[in-house]
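Below: the structure, in structure tokens.
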Amino acid sequence: MAEVKITKRSEDYSRWYTDVIAAAELADYAPVKGCMIIRPNGYAIWEKMQQALDGMFKETGHQNAYFPLFIPESFLRKEAEHVEGFAPEVAVVTHGGGSKLEEPLVIRPTSETIIWNSYRNWIQSYRDLPLLINQWCNVVRWEMRTRLFLRTAEFLWQEGHTAHATYEEAEEETLRMLGVYRRFAEEFMALPVIEGRKTEKEKFAGADHTYSIEAMMGDAKALQAGTSHHLAQNFAKAFDVTFQTEKGTREYVYATSWGLSTRMIGALIMAHGDDNGIIIPPKLATTQVVVVPISRKPEERQHVMRAVEKFTLAFKTVGIGFKVDDREQYSPGFKFNDWEKRGVPLRIEVGPKDLDKNQVVLARRDNREKTSASQDGLERTVVDMLNAIQKSLYERALEFREKHTYRVDDYGKFPEILDGEGGFIWSHWCGSGECEERVKDETKATIRNIPRESPAEEGKCIKCGSRSERRVIFARAY
RNA sequence: CGGGGCGUGGCUCAGCCUGGUAGAGCACCUGGUUCGGGACCAGGGGGUCGGAGGUUCAAAUCCUCUCGCCCCGACCA
């Protein structure tokens, strides 16, 4: 276990980020450029995310399946916008079994093409619809500049691919899954997000339109945390997927796809982490509570351990994830720091002084407050406190976002905000790609999305002054 | 792909300018004393100095080539 010191957030945010990952042993750089090794601590978070999401997918009627990693190159070319969007970043396999392949195989950057190729055979009639499939897998996108979790050449994700009889039904599904992502972010990640529609420039290659949830990180930059696409009939037409309607006519199928990736681990780090390391929200922590026994003499140790065994037994019955750190070679102070950088939400300290009073010391990771609690019914106290931590992480993140959100009607204020503390800027936009592009060139801020909750409001485009009907969010993004 | 930097035990780095046969801190192992916010003492293990070639009696050090990584700019979940 190498000692890792963490750069202060205020000093160098991106170094802080990589330091936190090293300190918490979440991931390593791989021998292959742009790839990462997700270490057990990092993977544990992903597994928790998977569990939560998978449950919600099942609740909304989806089934898991698995499609191949290799996709015939020709498939990718069938949808014009799609190939244009992904061609620059696909990895291609040209050889196999010692000889050149007849047709190169691309390693999936996303699976729309290979999945819709199958859907052609799966869908005959309106009775086969809707078709609601999800898959958990890895994908590869050859990125120029990579950062652990946020942008790597290979990453893990889930991709949902559904087929519907009508445009409206597909739209409903697209928004339903966006809502699932929102709920996941808020309830499990303690991360407030803004649902909205992507601009034409930022939408998924091959989609009719794209929705996203956007979150604010600890440096006030935006992170796209999940996307849901309405693909209309684009892929059905490309792969000739039609169905017979109730009336006996033949129509192309409507599609959606939606994905959320290991990037969320990066979001978690940047949304909640502090100078001491990552803070894992209780609902995503495998180890929710770490118990640090403190003792000097062997007989003291025995007494302490007896008490620990007693209350941890109760933890098991109520399903609290805990770990007892009984390593003898480390001092309590070392262990406090060790578990803090790993982000365990709650620490329990028990020593001789506590035994005398039948209590323990509870130390919250989120605000580093220490309080005493009785050993009787400790499991209830702990459950309550974990809930309180979950809630307070959300509130803190929301407060931070509010504090860094501005309504701006004067383009001249953009640099001041963006080069200062940064943040989300709600401004009017006429809807033209030129204005969007010019703002990006001039300020490095992009339109994150057109918020769904943004009320209709007459205004003038921040850039060109033309008529605008609602505000959009400008921000610098990851 | 353009600009900048760096490759020396697991990690961070010194040594290189001025060649002389590898060193520190942390981590690791053993024993002991410790233990309520990163303990201490003693002992110990571990490196073909990114790779190849060259100069030299002698190369981590000088020369040539090569590979890789990191940071900054053009694309993106």
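Stacking between A/Phe155 and B/A77 is present: the aromatic ring centre lies within less than 5.5 angstrom of the base six-membered ring centre, and the two planes differ by under 30 degrees.
Distance A/Phe334 CZ to B/C40 C1': 15 Å, rounded to the nearest Å. In this structure, A/Trp46 places its CH2 atom 10 Å from C1' of B/A77, rounding to the nearest Å. For A/Arg342 and B/G38, the CZ to P distance is 18 Å, given to the nearest whole Å. The nearest whole Å value for the distance from the CD atom in A/Glu143 to the C1' atom in B/C1 is 16 Å. When the P atom of B/C35 is taken as reference, atom NZ of A/Lys335 falls 13 Å away, rounded to whole Å. Residue A/Trp142 contributes atom CH2, which lies 15 Å from atom C1' of B/C75 at whole-angstrom precision. We find that NZ of A/Lys357 is positioned 11 Å from C1' of B/G36, with the value rounded to whole Å. Separating the CG atom of A/Asp19 from the P atom of B/C11 is a distance of 15 Å, rounded to the nearest angstrom.
When the nucleotides B/A39, B/G36, B/A77 are ranked by their closest atom to the side chain of A/Ile294, B/G36 comes out on top. Minimum atom distance to the side chain of A/Arg368 is reached by B/G37, of the listed B/G37, B/G36, B/A77. Among the nucleotides B/C35, B/C75, B/G37, the one closest to the side chain of A/Glu89 is B/C75. Across B/G36, B/A77, B/G38, the shortest atom-to-atom separation from the side chain of A/Lys341 is found for B/G38. Listed candidates were B/G37, B/A77, B/C70. Nearest to the side chain of A/Tyr29 is B/C70. Picking from B/G38, B/C70, B/G36 the nucleotide with the shortest atom distance to the side chain of A/Lys353 gives B/G36. Of the candidate nucleotides B/C75, B/G38, B/G36, B/G36 has the atom lying nearest to any side-chain atom of A/Glu349.
Rounded to whole Å, the separation between the P atoms of B/C69 and B/G37 comes to 44 Å. Spacing between B/A27 and B/C65 at atom C1', rounded to whole Å, works out to 36 Å. The P atoms of B/G5 and B/A14 are separated by 15 Å, rounded to the nearest whole Å. Distance noted for atom C1' between B/C62 and B/G46: 30 Å (whole Å). When the C1' atom is used for both B/C63 and B/A24, the distance is 30 Å, rounded to whole Å. Here, B/C28 and B/U61 have their P atoms 33 Å apart, quoted to the whole Å. Only the P atoms considered, B/C16 is 14 Å distant from B/A60, to the nearest whole Å. Taking atom P in both B/C11 and B/C70, the straight-line distance is 14 Å, to the nearest Å.
Across all strands, A/Gly259 comes closer than 4.0 Å to no nucleic acid atom at all (heavy-atom distances). Residue contacts shown for A/Val139 are absent, as no nucleic acid heavy atom lies under 4.0 Å away. Contact annotation for A/Ser295: base contact, defined as any heavy-atom pair under 4.0 Å involving a base atom. At the heavy-atom level, A/Leu260 lies nowhere under 4.0 Å from the strands shown. Using a 4.0 Å heavy-atom distance criterion, A/Arg147 is classed as making no nucleic acid contact. When heavy atoms are screened at a 4.0 angstrom cut-off, A/Arg15 is found touching no nucleic acid atom at all.
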Donor-acceptor list for residues 45-55 of chain A side chains, cut-off 3.5 Å, not counting sequence neighbours:
residue : atom : partner  : partner atom : Å
A/Asp54 : OD1  : A/Asn64  : ND2          : 2.9
A/Asp54 : OD1  : A/Trp136 : NE1          : 2.8
A/Asp54 : OD2  : A/Lys58  : NZ           : 2.6

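Taking for each of A/Ser14 and A/Lys440 the nucleotide of RNA chain B with the nearest heavy atom, the 5'-most of the two is the partner of A/Ser14. In terms of position on RNA chain B, the residue among A/Asp354 and A/Gly226 whose nearest nucleotide sits closer to the 5' end is A/Asp354.
Base pairing of B/C40 is made with B/G32, judged by Watson-Crick or G-U wobble geometry with both donor-acceptor distances under 3.5 Å. In this structure, B/U18 makes no Watson-Crick or G-U wobble pair, since no nucleotide meets both defining distances under 3.5 angstrom. Nucleotide B/G47 is matched to nothing when pairs are restricted to Watson-Crick or G-U wobble geometry with both distances under 3.5 angstrom. Under the Watson-Crick and G-U wobble criteria, each requiring two contacts below 3.5 Å, nucleotide B/C26 is paired to B/G10. With a cut-off of 3.5 Å on both pairing distances, the Watson-Crick or G-U wobble partner of B/C62 is B/G54. Across every strand in view, B/G2 sits in a pair with B/C72 that passes the Watson-Crick or G-U test at under 3.5 angstrom.
Scanning atom types as modelled, one donor and one acceptor separated by under 3.5 angstrom connect the side chain of A/Lys370 and the base of B/G37. Side-chain atoms of A/Arg296 and base atoms of B/G36 include no donor and acceptor less than 3.5 Å apart.
Between A/His161 and A/Tyr119, the distance separating the two ring centers is not shorter than 6.0 angstrom. The distance between the ring centers of A/Phe315 and A/Phe311 falls below 6.0 angstrom.
For A/Arg347 and A/Trp339, the positive end is not near the middle of the six-membered ring at less than 6.0 Å and at most 45° from its axis. Judged by a 6.0 Å distance limit and a 45° cone about the ring axis, A/Lys335 is not positioned over the six-membered ring of A/Tyr330. Cation-pi geometry between A/Arg401 and A/Trp426 is not met: the NZ or CZ atom fails to fall both under 6.0 Å from the ring centre and inside 45° of the normal.
When the side-chain nitrogen and oxygen atoms of A/Ser331 are compared with OP1 and OP2 of B/C35, none of them lie within a distance under 4.0 Å. At least one side-chain nitrogen or oxygen of A/Tyr330 sits closer than 4.0 Å to the OP1 or OP2 atom of B/C28.
Summarising the local packing, CD of A/Glu84 is surrounded by 12 or fewer heavy atoms from other residues, nucleotides or ligands at distances under 6.0 Å.
One side chain, A/Tyr211 or A/Glu171, offers a donor N or O that lies under 3.5 Å from an acceptor on the other.
Side-chain atoms of A/Leu191 and A/Phe184, non-hydrogen and from C-beta on, never get closer than 4.5 Å to each other.
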